[in-house]
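Values below: all heavy atoms of this structure, side chains included; hydrogens, waters and symmetry mates excluded. Just so it is clear: chains get the letters A, B, ... in the order the sequence lines come, proteins before strands, and each one is counted from 1. Small disclaimer: the values here were computed from a predicted structure and weren't measured.
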Amino acid sequence: MKSFTYERPGTPAEAAAAVARTPNAKFIAGGTNLLDLMKLQIETPTHLVDVNGLGLDKVEPTPEGGLRIGALVRNTDLAADARVRKDYGVLSRALLAGASGQLRNKATTAGNLLQRTRCPYFYDTAQACNKRQPGSGCSAIDGVSRQLAVIGASETCIATYPGDMAVAMRVLDATVETVDAKGATRKIPVADFHRLPADKPELDTILKAGELITAVTLPKPVAGTHIYRKVRDRASYAYALVSVAAVIGKDGTGHVAFGGVAPRPWRVEAAEADLPRGAKAVTDKVFAGAKPTEDNAYKLKLAERTLGAVLTEARA
Amino acid sequence: MKFDTPAGTNPIDRLKVVGKATDRIDGPFKTTGTAPYANDWHDPQAKLAYGVVVGATIAKGRIASMDLGAAKAAPGVVAIVTADNAGKLGKGKLNTAKLLGGPEIEHYHQAVAVVVAETFEQARAAAALVKVKYTATEGAFDLASVKDGAKDPGDVQGSPSSSSVGDFAGAFASAPVKLDESYETPDHAHAMMEPHASVASWDGDKVTVWTSNQMIAWGTRDLALTLDVPQEKVRMVSPFIGGGFGGKLFLRSEALLAALGARAAGRAVKVALTRPQMFNNTTHRPATLQRIRIGATPDGKITAIGHESWSGDLPEGGPEAAVLQTRLLYAAPNRMTALRLVVLDLPEGNAMRAPGEAPGLMALEVAMDEMAEKLGIDPVRFREINDTQVDPEKPERAFSQRSLVACLRQGAERFGWDKRGKPGQVRDGRWLVGMGMASAFRNNMVLKSAARVRLDGKGMVIVETDMTDIGNGSYTIIGQTAAEMMGVTLDKVIVRLGDSDFPVSSGSGGQFGANSSTSGVYAACMKLREAVAGKLGFNSADAVFEDGQVRSGNRNVPLAQAATGGDIVAEDAIEFGDLDKTHQQSTFGGHFVEVGVDVATAEIRVRRMLAVCASGRILNPKSARSQVIGGMTMGVGAALMEELAVDTKRGYFVNHDLAGYEVPVHADIPHQEVIFLDEVDPMSSPMKAKGVGELGICGVGAAVANAVYNATGLRVRDYPITLDKLLNRMPDAA
């Protein structure tokens, strides 16, 4: 870990300004990902701006009938929120499928969106990794890639976005609200929030330097059965090989997003019309153009079969 | 004390303390945070400095240049030790690669430097500033691709690398029913909770190392050899160990680098490996490729059994002895086994819990399941038919005790084995349900073990031995043994372990520790009893030690009275004769497992487990059960998830943290039941006990694999059995 300086600003805009004006500064909230990365010198910020004191920890109804989730709402609290459990069950289930109880007590809504990949080469500073060190190459493409992306990746990076919460937010059409150093706010559909690597895998999201997430809003609840199905090698505390977030109506129509397969939560809205025709019709479209490695080709079959299980569960 | 004739009746047989389920006496220290683990030590005499290890970032080659300038100039740096400035270093007898590499690099994350600074954070930051340029050379990293160049490794653990009885080839060729299958087990990490950690402090030419090590005498010897100092100049202290599983049998880099760092810094230095370093800097269980051939008559008699195993290690390393149990487990007139070794430039392989048997049984006991199916015979019955009471390679050697069949029968009955369905036929909601079983087998080793016991004027009995407690309960069974021998309650015994100033014990490994070390305490207590009896004017043969009293005839004297004139001290060792050569001493069990396999995703989850064990006298049923359920849990890991993923281009284990190297979590482990057969083995020791700590893992992997087969009708022969290996063959999930 490199030495760093630390401050606790008073308002979100001040926090944004503090990060914007300090080279190599970062926000810190729960720290469940950042501190690990700092110890391994994968992240080497010289200045930390602690946003924990900024409020931003309420879940409130919106005038449109949705929910506004403060950036600092802890995963445990969000999963347990009565309104989330009642109207956005897929989100509550996705949160509880992630990490461990201890981590969820610390991890925040915004921080969870920003968690970095678990690609093993990203985690070893001796190895080439374009995401960690732009231009150094990618060891994963011809290395061990069983966990990594089958679609949306590029020749520079095949890392996945590892989280669960964002997959549910993607199927719920959530919106990320931010503030920048000048106090300007913007709303980013979660669909656009995480970017595909293309030739800049070091950039996980479209956030600008110093731009701070203040909230995530959910639109009005969508009726249907809310399911989050996470497939992994052990029963708990493991990243998804494949996950499916779905809201399925009584008539078999609905919405579905996939986790563990791409650099961002993966959803192809155009394929959802095929949901009543069964899983294969949907996954054929969702994963059209997939480029799996030999190690992770199983994810395509797994995604199809997991969606099949989700549709079976929704019917039951 | 020589142990060369079977044990007769002795004071242990009273079983007033020994054999009772007993809470561990070190428990309160652990739950109150007052048990000092290695990294908790602070030498009050010296201001501690902190060392951080720099690991090589290539797998094989040379250091071309090393630039220490930036690191030396970093805040707080006190010293940097590399092979260039460490002075002349030897190598421990049990180390394969050098613990401080350079200029030659033998494996990834081989230590090349330790950076010592005032604080841990300063040392860590400075360590990242050490700039090393390497010249990499080609290495061999993929076992399968170099298998054909394998060599005979020579003797392995005192046994020949190959064995042959009768005419295996002819008998196999002519067998009416045959199986010829290959199996793969991956590299495994010990992945114990506590990282390797040591604090070293020099006093003149003598170094004390507070460390985490299972084998104190091996450790002091190898540290002395490596530092090139006499062994009496090295003291090692390791009273508490946060898990080892074989990963702490040996001197490892952090202990050496703490000693070197402390010498360079002129003060005490603490070094702990990072979690990533634990995977590539230390040892691991090597991967195996195994081939098993079994020929049998239609009524299930095995006529030919052959087991070959290939594994890799660094030059001068050894093989994973995966075939040894096959020499002993089942009868057959024609047999062969062979171990083959290739050079791999991965980190060095070595012992991990039940080395040999654990991966060997993962193959053999699946082959037995496959063969039973070919024969149309129940797997339990098939094993019964081929039971033997003598060493099948040397029939003149009987087993000292062999209750395999009793374990299997009792297990089958208790588990409801008769309700096992046909493969792929039992369904419970979304789960395909299957049952599997396997024999458990692990040899019982005995090692010389010494102890010192002291009686003081308050009637306290103090035991000192360099035996270690690796979290398994050594403190408690040693205390129970001394209490039983001296006729006192357990609270009158103080046990001190893990210090090279104490008499040399067996140490902890190979499931030899419990039986050997308590036998050493037995021997020392026999001497103490003689001394006490003499002091009190009793004939020691007649004296009865009971209820804190010594009694003979009508005379009854408090034990403490013997020490009123000063402590009485006795020291002795148990030395084993050749009973383990005239007889085969092994431990046995049966594992029964039920799994569910998700009909859609092929996720595998264990539903329930049972182990029935025959391990001689069980000294403490409570901690023995903990050992067995720990072994069962580790066996589930090996079956379903544990694999060091080898990057065959870059030559290292890629998943080098506990997020990447998955072991079972609580949610993976359901109901576990353990039954111990009530038996004693007088051939084994005066305690009549045998090892149990490793039996628990032996066969579990195969029982899980066989259950997966029974659930799905799909056989997977390369571990771990993950869903991707089933998915393409799974039936449609309706």
- Value rounded to 0.5 Å, distance of CD in B:Glu662 from OH in A:Tyr239: 10.0 Å
- Query: Do you know the tightest heavy-atom contact between A:Tyr123 and B:His656?
  - Reply: O-CE1, 4.2 Å
- Item | Region of A:Lys39 in contact with chain B, defined by heavy-atom distances below 4.5 Å | both
- Taking the side chain as every heavy atom from C-beta outward, state whether B:Asp657 and A:Arg118 have any pair of such atoms under 4.5 Å apart. yes
- Query: If you take all heavy atoms of A:Ser236 and B:Val665, which pair is closest and at what distance?
  - Reply: O-CG2, 3.7 Å
- Query: Would you say B:Val663 and A:Arg234 make side-chain contact, with heavy atoms under 4.5 Å?
  - Reply: yes
- Which region of A:Asp142, side chain (C-beta onward) or backbone (N, CA, C, O), has a non-hydrogen atom less than 4.5 Å from a non-hydrogen atom of chain B, or is it both or neither? both
- Query: Would you call A:Thr312 and B:Arg430 a side-chain contact if the rule is heavy atoms closer than 4.5 Å?
  - Reply: no
- CD of A:Glu202: more than 12 outside heavy atoms within 6.0 angstrom? yes
- Task: Enter the distance from B:Arg275:CZ to A:Leu40:CG here, rounded to the nearest 0.5 Å.
- Result: 12.0 Å
- Item | Part of B:Glu121 lying under 4.5 Å from any heavy atom of chain A | backbone
- Rounded to the nearest 0.5 Å, the CG atom of B:Asp724 sits from the CG atom of A:Asp233 at a distance of 7.0 Å
- Considering all heavy atoms of both residues, which atom of A:Ala126 and which atom of B:Thr57 are nearest to each other, and what is their separation? CB-CG2, 3.3 Å
- Note on the structure: Cut-off 4.5 Å, heavy atoms of chain B, and the answer for A:Ser139 is both
- Query: Checking B:Leu658 against chain A: side chain, backbone, both or neither under 4.5 Å from a heavy atom?
  - Reply: backbone
- Item | Partner of B:Asp598 under salt bridge (charged side-chain N to carboxylate O under 4.0 Å, His left out), chosen from A:Lys230, A:Arg232, A:Arg305, A:Arg229 | A:Arg229
- Can you tell me how far the CG atom of A:Leu307 sits from the OG1 atom of B:Thr601, to the nearest 0.5 Å? 13.0 Å
- Answer yes or no: does atom NZ of A:Lys2 have more than 12 heavy-atom neighbours from other residues, nucleotides or ligands under 6.0 Å? no
- Note on the structure: Ranking B:Ala125, B:Ala74, B:Gly55 by heavy-atom pairs under 4.5 Å to chain A gives rank one to B:Ala125
- Item | Close side-chain approach of B:Asn655 to A:Val144, heavy-atom, < 4.5 Å | no
- Sub-4.5 Å side-chain heavy-atom contact between B:Thr722 and A:Tyr298: no
